[in-house]
Amino acid sequence: MNEQMLQVSNPILSIIDLSISYGEDKYAVKDVTADVKRNAITAIMGPSGCGKSTLLRAINRMHELYPNIHTKGGIKLNGDSIYEMSTTKLRRKIGMVFQRPNPFPTMSIYENVIAGYDLNGSKLKKSEKDEIVESSLTDVGLLDEVRDSLNKKGNFLSGGQQQRLCIARTLAFKPDVILMDEPTSALDPLSTAKIEDLLVELKEHYSIILVTHNMSQAARISDNAMFMYLGELVEYDKTKKMFTNPRDSRTEGYLTGKFG
Amino acid sequence: METKALIGEKDNSNWRELKNKLFFGTVVVLATLTISPILLIVYTLLSKGLKQINFDFFLKVAPDTLQAMTAVRNGEIIPGGIANGITGTLFMVLIASLMAIPVSIVIGIFLYENQGKKYANLIRSLTDILQGVPSVVLGLIAYIWIVQGVTKGFSALAGSVALAIMMLPLIIRSTEETMKMIPISIKEAGAALGVPYHKIILRVMIPSGFSGLMTGILLSISRVLGETAPLMLTTLGSTTVNFNITKPTSAVPLQIWEFYNNPNMIDLVWSSSLFLMAFVLTLNIIAKRISMRYS
Amino acid sequence: MASEKIIKNLLKASSVIILLIFAGMAYSMIKGAIPAFKEFGLFGFIFSTDWNPTEGNESYGALPFVAGTVITSLLALVICFPLAFSTSLFIAEYYRKTKIATMLSTLVDLLAGVPSIVYGLWGFYTIRPLIAELGYSGQGYGIFTSGLILAIMIIPYATSISNEIISMVPTELKEAAYSLGATRMEVIFNVILPNARSGLVAGYILALGRALGETMAVTMLIGNANIIPTGLFSPGNTMASVIANQFGEADGLKLSSLIAIGLLLFAVTAAVNAIGKVIIRKYA
Ligand SMILES: Nc1ncnc2c1ncn2[C@@H]1O[C@H](COP(=O)(O)OP(=O)(O)OP(=O)(O)O)[C@@H](O)[C@H]1O
Ligand SMILES: [Mg+2]
């Protein structure tokens, strides 16, 4: 491993020589190697098209939904290769939150939170479901706001509330890792602030990887940060260190707003 | 907050993956099954119909039963062809087109120009319903209106009227859809120059939507070419070539029906069906080409 | 501008043609059907199972044909659904935007271009003998054979709408389900189906409308027995096929009865199509 990259002991995730291409020779992610710290927020930054989403989606193998995808290298979750697990099991351990809130419009708020279990055909008792829904909604601070409308469809919720509902849906599985692809870019500043606070609370129990274009967001809440450029991992360090004293000129250029 | 309080669930993932694969397999099998009829039909038509196709097939009228019987008994191909049907079909489709196309385009433009208005919505709904009326019912209508009311007997005109009513809704809706696709700016450019309204329609809208209109027209023709039931009720059929709109006339689908009902002519059934299919499909392909080329 | 007014009125006037056609159709068919309704009564006609053209003893009723039409069409829908839905999943989900999907949908479109009489011929010479082999119905004519051919005929109508509806289900929702560990099949049943439901229903209703009015292929395969079908392989007759069949020798009361059946068929298909269109406009 590159000596200059951040070293992490007992990592939750290890990305090893990962390269991903869409079709011929066009690598969206090139030879990325990195260990991800447990119970911390790791930010991924970089200009548009540099491969952040592709890297993130490779971690729960969502990138395999695209045709013609080629993956080289590996990823380990707690030391087990994720490519030797079934995706159904893997995705329960690694949850994902998307850029635009996407609660299921045909389901009630309650059903949305429990959707993972229902989709997976788990037969839970009503009391077990109630418990999961209540604790997940409490964790995202939504319970009081929706207590009286649990059985209504969630389309009356604000964008920020919907996004927290989506986070609750992910938390319902108690995953090891939560992947987030620009989760606040479609939200207003107030909702964004709420979600940022939530993430900081959540990291006590979960490991979070956060793709963001918002540099101040990364600076505010992340512990470690990766900077990607043209598919390569250029720099990976403690966030504070990267923002105050970037090692690579490209990182510096991006952080000072020269491109991106 | 507590972590990893996973409830004691059974691990069902292997079974789910298997179900997933089985379902995919079923989808592929059923999709293949869905397209197999078209392949089988084309194969049947080619293998049974090709041998009867020659110059006479297009140039001569259908043989009488005796000729056909003799040929079959001697193991020869049946003499004669479907010239009466081909001319009849072309003749009636031509008349139907003359009746249906101009009116339909005008109505289509009317609907386009009156989006969202109540009366136009009514007309649009009625047009949609007309499109769903079974062709045999339109045959009855044309029988009552033309056979009983005008020509006092089966006639090419009655057949054409039935076909024209079938074409109307198809062309109306495709005209409206085509007009909707033309950028408003083209129309406004004309209006800004002070071009009168009817000239904008004739010189700007119709030419810019020409390929869309053509596609709609060709598709509507290909839809009515194969119609049998309405013609059975209106033009009856004829053993000779006829271009008199007040007289019974043959058509390719009518001839197929006659051949089908005559055990001696069975070979001709396949060749005329092959011809009809080829005709319909060619029109379809041309229509699709036009719409792809210009869109 | 004066010219503009004139043209606008001309456009409006042309649209009256549609109204005239409708009014004319209704008028002519009701007028033609009245002798039959007078003789047998409206309900007497619809619910009678007689079909007796013997002069002096003439008696006509529509029930066998209504029953034949409804049964063959519903059977067609039942057979069509798994085929059309699988094809739509293949085209709009599993192989979305690939060459093989384009190929498949072109072939399905071709199905719509086959004339009804050619389906009838193919059914007569290919399907009917196979059904006869099964041994349930002497020569292979009947409800099942007709329903099967009808199913093939309406597949393109059912698929073209469901393709569109299925491809309109937002990718974000599917991805949300995948990210929760759902398999593709679970995504189809829990995300795609619920989101596409009303559109799919509308598509199959419109396909049903097609099946109700199909004439030639059914005429050639149903066995033309003027009875209420007694089973899946029983012969029967439909409203459309009895018109095509019996029209040649018809006049007087019989002609009026056939027109009355045509009127019923018109009313039923118009209603079915209207329901389908309303659902589509509302939800899709
Ligand atoms: N489905 C796809 N098929 C083909 N190429 C793709 C696909 N998705 C992404 N790419 C390409 O892969 C590269 C990386 O894309 P990716 O979405 O990972 O970038 P990103 O860093 O997330 O960008 P953004 O900040 O805009 O979200 C880009 O060049 C993009 O064009
Ligand atoms: Mg991205």
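Note that the coordinates shown come from a computational prediction; the quantities given were computed from them, not determined experimentally. Numbered from 1 within each chain, the chains take letters A, B, ... in sequence-line order.
The part of L122(B) that comes within reach of chain C is its side chain, from C-beta onward, which places non-hydrogen atoms under 4.5 angstrom from that chain. Interface residue I38(B): backbone and side-chain heavy atoms are both found under 4.5 Å from chain C. Contacts between F189(C) and chain B at a heavy-atom distance below 4.5 Å involve the side chain alone, from C-beta outward. M216(C) touches chain B through its side chain: at least one heavy atom from C-beta onward sits under 4.5 Å away, while N, CA, C and O do not. For chain C, the nearby part of I201(B) is the side chain; its heavy atoms alone come within less than 4.5 Å. Interface residue W145(B): only side-chain heavy atoms are found under 4.5 Å from chain C. In this structure, the portions of F90(C) lying under 4.5 Å from any heavy atom of chain B include both its backbone and its side chain. Residue V118(C) touches chain B through its side chain alone, counting heavy-atom pairs closer than 4.5 Å. Heavy atoms closer than 4.5 Å to chain C are found in both the backbone and the side chain of L130(B). Looking at T219(C), the atoms closer than 4.5 Å to chain B (heavy atoms on both sides) all sit in the side chain, from C-beta outward. For chain C, the nearby part of I35(B) is the side chain; its heavy atoms alone come within less than 4.5 Å. Heavy atoms closer than 4.5 Å to chain C are found in both the backbone and the side chain of T34(B). Contacts between I188(C) and chain B at a heavy-atom distance below 4.5 Å involve the side chain alone, from C-beta outward. Interface remark: L281(B) contributes side-chain atoms only to the contact with chain C (heavy atom separation under 4.5 Å). Contact annotation for I21(C): both backbone and side-chain heavy atoms come within less than 4.5 Å of a heavy atom of chain B. Contact annotation for Q148(B): only side-chain heavy atoms (C-beta onward) come within less than 4.5 Å of a heavy atom of chain C. When heavy atoms are compared at a cutoff of 4.5 Å, I105(B) does not approach chain C at all. Heavy atoms closer than 4.5 Å to chain B are found in the side chain of I155(C), but not in its backbone.
Closest non-hydrogen pair, P156(C) versus L111(C), comes out as CG-CB, 3.8 Å. Of all heavy-atom pairs spanning A158(B) and A142(B), the tightest one is O-CB, 3.4 Å. Between G49(B) and S271(B), the shortest heavy-atom distance links the atoms O-CB, 3.3 Å.
Interface remark: of the candidates D128(B), I165(B), L33(B), D128(B) forms the most heavy-atom pairs closer than 4.5 Å to chain C. Counting heavy-atom pairs under 4.5 Å between each of L126(B), V106(B), L138(B), N114(B) and chain C puts L126(B) at the top. Heavy-atom pairs under 4.5 Å with chain B peak, among L121(C), L206(C), L265(C), L212(C), at L121(C). Here I107(B) is the residue among L225(B), I107(B), L219(B), I200(B) with the most heavy-atom pairs under 4.5 Å with chain C. By number of non-hydrogen pairs under 4.5 angstrom with chain B, the leading residue of Y125(C), Y95(C), F266(C) is Y125(C). Note: I123(B) leads I123(B), L40(B), L111(B) in heavy-atom pairs under 4.5 Å with chain C. Note on I172(B), N20(B), I129(B): by heavy-atom pairs under 4.5 Å with chain C, the leading option is N20(B). Annotation: maximal heavy-atom pairing with chain C below 4.5 Å, among L236(B), L140(B), V280(B), occurs at L140(B). By number of non-hydrogen pairs under 4.5 angstrom with chain B, the leading residue of I127(C), L263(C), T87(C) is T87(C).
In this structure, the ring of Y119(C) has its center no less than 6.0 angstrom from the ring center of W122(C). Under the 6.0 Å cut-off for aromatic ring centres, F85(C) and F81(C) qualify, their centroids lying closer than that.
A side-chain N or O of S241(C) and one of T238(C) form a donor-acceptor pair less than 3.5 Å apart. Residues S135(B) and E227(B) bring a donor and an acceptor atom of their side chains to less than 3.5 Å of each other.
No donor-acceptor distance shorter than 3.5 angstrom exists from the side chain of T145(C) to the backbone of R128(C), with no hydrogens or angles considered.
The 12-atom threshold is not exceeded at CD of E164(C), counting heavy atoms of other residues, nucleotides or ligands nearer than 6.0 Å.
Note on K19(B) versus E186(C): no salt bridge recorded, every NZ/NE/NH1/NH2 to OD/OE distance being 4.0 Å or above. For the pair R184(C) and E93(C), the salt-bridge criterion is met [side-chain N within less than 4.0 Å of a carboxylate O].
Taking the six-membered ring for Trp and thresholds of 30 and 60 degrees, Y143(B) and F154(B) have ring planes inclined between 30 and 60 degrees apart.
Applying the salt bridge (charged side-chain N to carboxylate O under 4.0 Å, His left out) definition to pairs two or more places apart or across chains, none involves residues 207-216 of chain C.
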Which donor-acceptor pairs under 3.5 Å do side chains of residues 11-19 of chain C form with protein atoms, sequence neighbours excluded?
{"unit_1": "S14(C)", "atom_1": "OG", "unit_2": "L11(C)", "atom_2": "O", "d": "2.6"}
{"unit_1": "S15(C)", "atom_1": "OG", "unit_2": "Y119(B)", "atom_2": "OH", "d": "2.9"}
{"unit_1": "S15(C)", "atom_1": "OG", "unit_2": "K12(C)", "atom_2": "O", "d": "2.5"}

ask   = Can you list the steps and then say if Q115(B) with E176(B) is a side-chain contact (heavy atoms from CB on, under 4.5 Å)?
value = CA-CA 10 Å; Q115(B) 296 294 328; E176(B) 189 190 356; 2.9 Å; yes
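When side chains are defined from C-beta on, L264(C) counts as touching M239(C), because their heavy atoms get closer than 4.5 Å.
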